Every structure is written in C-alpha cells, then in structure tokens.
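Taking it in order: structure first as structure tokens, then the write-up.
Predicted model only: the values in this text are computed from it and were never measured.
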Amino acid sequence: MKVAAVPIKSIIGDLNFNLEESIKWLTKLSAQNVDFVLFPEMNLTGYTKNIEIIKDANSRKEDIFNCLQKASSDLNIAFAVGFPEQVDMKYYISQILFDNGKIAGIHRKTHLGPSEMNVFTAGNEIAVSNIGQQFIGMQLCYESHFPIVSSIQAKLKASILTYSFASPKENSATKLDRFEQFLCTRAYDNSCYVMACNLNSTSDKGTLIPGLSIIIDPKGKIISKSLENNISICTIDNEKLNKIRNSKMAWFNKHSRNDLYAKYYTNELM
C-alpha cells in the first residue's frame with residue numbers, strides 16, 4: 001500500500017479553492033499509484049473557529065462530500081480530509097475517510113485544545129477504519145499529545161496512525177523537529193506506521209500555520225519528511241509489520257496491563 005501525507009495549502013472560508021486543491025493532489029497522486037492520502041486538520045475550510053464559516057461549510061456539506069466520494073471512486077484512491085462537522089447544534093473537528101466512493105470512517109477530535117472548547121464539542125469514540133489490508137487510526141492535532149489514544153488504536157489493530165495538524169507559530173523546520181521527538185515514539189511504542197501533516201495556511205488571527213509532513217516506520221525510524229509544500233510518501237511494508245506483530249517482544253501492546261491501568265483511571269485522579 002502506497003501512502004502520502006500532504007501539507008496542503010488552505011484558505012480560510014474558501015471552500016471552492018480548498019476542494020479544488022484537494023482534488024488536484026488526489027489526481028496527481030492517483031497517477032503515481034498512491035493508495036491512501038492524508039490531508040491536514042480542517043483542510044476543506046481552513047482552520048477556523050468562525051461559526052459563520054462553519055455553518056456555511058455544513059450548508060454545502062452534501063455537495064462537497066458527493067464530490068469527494070466521486071473522486072475516491074473515479075481516481076481509485078482513499079483519503080482522509082479535515083472538516084468541521086455540525087451535528088444538530090454541536091460542532092466537531094472531524095477527519096473524514098473516503099474510500100471506494102463511500103465514507104469509510106469519521107473521527108471526531110476527542111481532546112480539544114483550550115481555545116477550541118468554546119466552539120467545538122469533543123468526540124467520545126476512539127476507533128480504527130480499514131483501507132484494504134490496513135487499519136487506520138486517525139487523530140487530530142492536540143490529541144497526539146495523549147499517548148493513550150494511540151495505544152488504544154494500536155490495541156484495536158491499527159497498522160497506521162495518522163495525525164492531522166493545524167498547529168500554528170514556529171517555522172516549518174522548528175515544528176518538524178518537535179514533531180519528530182514525540183511522533184517517532186508513538187510509532188515505536190505502538191509498532192505502527194505513523195503519518196502526519198500540518199496545514200499550510202494561517203489562523204483566523206493571521207498567525208502562520210507552517211506546512212510540513214512526515215512518515216515514520218514501526219521501529220520509529222523516519223522514512224520520509226518534508227517542509228512547506230512538499231509531500232512525504234512511502235510504501236507500507238507488510239512483511240515488517242507482520243514480523244513485529246509475531247515477535248515475542250517487539251509488539252509491546254500485546255503485553256500491556258490493562259487490568260492494572262484501569263484502577264488508576266478513576267475520578268479521584270481526574
């Protein structure tokens with residue numbers, strides 16, 4: 001399975017531009033026989049907490065999603081895009097997985113950043129979705145700093161952990177260096193491939209969001225990384241994954257003491 005992480009350029013509130021850019025990348029990568037593409041957090045709207053933009057996006061959600069479903073079918077490519085969902089009167093920061101002309105999975109951000117809590121609702125489900133032979137665990141930005149989310153997804157048989165960011169400030173090189181520090185650990189400790197990309201955009205306040213991407217193998221070694229508008233790309237090595245999963249020692253999740261951890265996750269410690 002060939003995969004790519006794309007730090008796509010997005011303009012806040014310009015849904016037509018953002019959708020067109022996504023389709024352009026999918027078309028280009030499909031021609032390179034890529035099977036799965038990861039886009040950053042909220043790439044279809046740009047990263048925003050503006051309710052009017054979010055409402056407008058949801059008023060057009062059916063047409064946008066129909067277009068993306070068609071692209072996944074016509075181009076024979078799976079991909080995950082960022083979109084701020086409205087469900088009844090609640091708003092979620094979501095990552096939507098498309099495959100074979102259908103929605104194959106939806107992840108709603110379970111851990112919100114402090115500035116997001118006034119607008120968005122936290123999701124309450126940690127799951128994985130399958131694309132072909134691979135199981136994908138999706139996460140969004142702030143979630144990446146809670147190792148237990150990755151651990152749970154690995155226990156659910158995830159072979160690829162994806163982290164979609166819209167992390168502002170710093171420059172691309174400084175941010176990528178910081179991402180390497182903890183994302184390599186997520187890959188190694190959970191025996192999973194890790195894919196990550198940061199939005200190439202600005203925030204509502206005009207703060208720079210620097211584009212970058214990275215892919216890491218299940219041993220925590222960086223396979224591909226890039227700054228700005230360049231992508232990261234690799235082929236998933238099923239033989240390497242199977243060797244780790246069949247090892248007595250290397251697949252750490254096999255030996256995790258969930259019975260022990262459970263007694264510490266009590267209200268007294270929260």
Side-chain angles (χ1 to χ4, degrees), residues 5 36 38-49 51 54 57-58 61 65 79-99 103-131 134-168 178-179 182-183 185-187 189-199 203 209 214 216 253 256 258 261-270:
F36 171 70
L38 178 68
F39 289 112
E41 183 178 32
M42 293 176 72
N43 71 287
L44 291 178
T45 55
Y47 181 81
T48 182
K49 295 186 280 287
I51 292 295
I54 295 169
N58 279 273
K61 176 180 174 180
F65 280 25
F79 54 90
V81 296
F83 186 83
E85 282 187 292
Q86 180 178 354
V87 181
D88 297 324
M89 298 303 295
K90 295 180 179 179
Y91 303 101
Y92 297 91
I93 302 176
S94 299
Q95 197 75 4
I96 317 294
L97 180 63
F98 292 86
D99 182 35
I103 294 176
I106 298 176
H107 175 72
R108 293 170 179 155
K109 193 172 186 177
T110 59
H111 293 69
L112 299 174
S115 67
E116 295 170 339
M117 294 178 181
N118 292 332
V119 176
F120 297 102
T121 297
N124 286 315
E125 184 175 357
I126 300 172
V128 300
S129 303
N130 71 296
I131 297 293
Q134 307 301 331
F135 286 84
I136 296 175
M138 297 184 285
Q139 294 181 46
L140 290 157
C141 205
Y142 198 61
E143 286 179 299
S144 65
H145 300 293
F146 298 86
I148 192 168
V149 179
S150 299
S151 178
I152 290 170
Q153 289 176 330
K155 291 288 285 184
L156 293 171
K157 306 278 180 77
S159 51
I160 304 172
L161 299 174
T162 70
Y163 301 89
S164 296
F165 291 86
S167 179
R178 183 165 58 81
F179 280 12
F182 68 94
L183 291 180
T185 302
R186 299 287 179 274
D189 284 349
N190 293 291
S191 304
C192 291
Y193 279 87
V194 158
M195 301 174 63
C197 53
N198 199 45
L199 198 64
S203 69
I209 302 176
I214 187 170
I216 305 162
N253 292 79
S256 62
N258 293 330
Y261 313 149
K263 71 178 184 179
Y264 291 100
Y265 278 91
T266 62
N267 289 333
E268 287 79 6
L269 295 179
M270 295 175 68

Steps toward side chain to side chain contact (heavy atoms under 4.5 Å, CB included) verdict (I96, I103): CA-CA 7 Å; I96 317 294; I103 294 176; 4.0 Å; yes
Sequence neighbours excluded, every pair satisfying ring-ring contact (aromatic ring centres under 6.0 Å, His included) that has a member inside residues 104-124: H111-F146
Atom pair CZ (R186) and NE2 (H145), whose distance is rounded to the nearest 0.5 Å: 8.0 Å
Contacts of type salt bridge (charged side-chain N to carboxylate O under 4.0 Å, His left out), residue K61, not counting sequence neighbours: E85
Close side-chain approach of F182 and P147, heavy atoms under 4.5 Å: no
Minimum heavy-atom distance A80-M138, with the two atoms named: CB-SD, 4.0 Å
side-chain hydrogen bond (donor to acceptor under 3.5 Å, both in side chains) partners for Y193, two or more places apart: none
With sequence neighbours excluded, residues passing side-chain hydrogen bond (donor to acceptor under 3.5 Å, both in side chains) with S129: none
L140 side, atom CG; R108 side, atom CZ - distance, nearest 0.5 Å: 12.0 Å
Flag side-chain contact, heavy atom, 4.5 Å: F83 against N58: yes
Non-hydrogen atoms of G137 and V128 that approach each other most closely: CA-CG1, 4.1 Å
F79: partners by ring-ring contact (aromatic ring centres under 6.0 Å, His included), with sequence neighbours left out: F98
Cut-off 3.5 Å, no hydrogens considered: what does the side-chain donor-acceptor table look like for residues 157-164, sequence neighbours left out?
| from | atom 1 | to | atom 2 | distance (Å) |
| --- | --- | --- | --- | --- |
| S159 | OG | Q134 | OE1 | 2.7 |
| S159 | OG | F135 | N | 3.1 |
| S159 | OG | F135 | O | 3.3 |
| Y163 | OH | S150 | OG | 2.6 |
| S164 | OG | F39 | O | 2.8 |
| S164 | OG | Q95 | NE2 | 3.1 |

Residues that E116 engages under salt bridge (charged side-chain N to carboxylate O under 4.0 Å, His left out), provided they are two or more places apart: K109
Check: N43 side chain, V81 main-chain N or O, donor-acceptor pair, under 3.5 Å: no
Straight-line distance of I209 CD1 to S203 OG, nearest 0.5 Å: 5.5 Å
Residues in side-chain contact (heavy atoms from CB on, under 4.5 Å) contact with I126, at least two apart in sequence or another chain: T110, V149, I152, Q153
Non-neighbouring partners of S256 that pass side-chain contact (heavy atoms from CB on, under 4.5 Å), sequence neighbours left out: K155, N258, Y261
Spacing of OG belonging to S167 relative to CD belonging to E41, to within rounding of 0.5 Å: 9.0 Å
Rounded distance (nearest 0.5 Å) linking atom CD of Q86 with atom OG1 of T121: 10.5 Å
Listed partners of F165 passing ring-ring contact (aromatic ring centres under 6.0 Å, His included), at least two apart: F179
Results of side-chain hydrogen bond (donor to acceptor under 3.5 Å, both in side chains) for T48 - residues two or more places apart only: D204
Minimum-distance pair of heavy atoms, taken over all atoms of A127 and L156: CA-CD1, 4.1 Å
Partners meeting side-chain hydrogen bond (donor to acceptor under 3.5 Å, both in side chains) with N198 (sequence neighbours left out): none
Spacing of CD1 belonging to I51 relative to OH belonging to Y91, to within rounding of 0.5 Å: 4.5 Å
